[in-house]
Amino acid sequence: MAYWLMKSEPEVYGWESLVSEKIGVWDGVRNYSARNNLRAMKKGDDAFFYHSNAGKLTGVVGVVRVVGEAEPDITFGPPPHPWVVVKVAPVVKFKRLVSLAEIRAEPRLQKMELMRYGRLSVQKVLMAEWRIIWAMGQQKTG
DNA sequence: GCCAACGTTGGC
DNA sequence: GCCAACGTTGGC
């Protein structure tokens with residue numbers, strides 16, 4: 001069982017879009033590192049859903065589960081080509097946003113790929129990092 | 001809207 | 001294989 005972080009711009013495809021679809025096809029990835037991560041995803045893996053490019057709302061909004069493993073991304077064109085999609089379903093929305101600013105400010109999260117290689121749209125998350133962000137997301141807002 | 005960081009492309 | 005030019009992502 002592995003943990004991941006998947007980015008999407010909420011204006012393009014946000015948490016609410018996924019909830020209304022129930023199962024989302026994660027398409028459009030055109031970067032080899034991100035593609036390799038998509039290929040490594042297994043059914044039952046969990047991923048943080050991260051809203052990118054969203055000003056103060058940039059950050060982790062909830063958890064999704066991989067329900068379909070890599071298959072060709074037909075939005076690129078007919079295979080063969082290198083690009084793949086996975087299918088994900090919403091699991092739980094956080095009680096509050098865990099913003100990028102907070103992640104930046106948390107010393108235990110400084111080694112996250114998010115800090116080192118911010119532009120990667122599909123990233124691996126370590127279990128320790130997963131637990132920290134999960135706990136932050138369960139805190140009640142004041 | 002700007003721009004830093006990074007990936008990709010293509011000439012050589 | 002190197003590297004300059006260019007394109008894209010995404011934070012701010």
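Computed from a predicted model, the values in this text were never measured in an experiment.
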Distance-only check: which donor-acceptor pairs under 3.5 Å involve side-chain atoms of residues 8-16 of chain A, not counting sequence neighbours?
from	atom 1	to	atom 2	distance (Å)
Ser8(A)	OG	Tyr13(A)	O	2.5
Tyr13(A)	OH	Glu21(A)	OE1	2.7
Glu16(A)	OE2	Lys93(A)	NZ	3.3

Partner set under side chain to side chain donor-acceptor pair (under 3.5 Å) for Thr75(A), not counting sequence neighbours: Arg30(A), Asp73(A)
Members besides Trp83(A) in its Ile/Leu/Val/Met/Phe/Trp/Tyr cluster (side-chain heavy atoms under 4.5 Å): Tyr32(A), Phe76(A)
Co-members of Val85(A) in a cluster of I, L, V, M, F, W and Y side chains, linked at under 4.5 Å: Val25(A)
Per-nucleotide protein contact string for nucleotides 3-12 of chain C (B base, S sugar-phosphate only, - none; heavy atom under 4.0 Å): ----BBBBBS
Salt bridge (Lys or Arg N to Asp or Glu O under 4.0 Å) partners of Glu71(A), counting only residues at least two apart: Lys87(A)
Helix axis bend for the helix from dG1(B)-dC12(C) to dC12(B)-dG1(C) - C1'-based end axes, five pairs, 10° rounding: 10°
For Arg131(A), salt bridge (Lys or Arg N to Asp or Glu O under 4.0 Å) partners two or more places apart: none
Using atom types as modelled, flag every donor-acceptor pair under 3.5 Å from a side chain in residues 112-119 of chain A to any protein atom, sequence neighbours excluded.
from	atom 1	to	atom 2	distance (Å)
Arg116(A)	NE	Lys111(A)	O	3.2

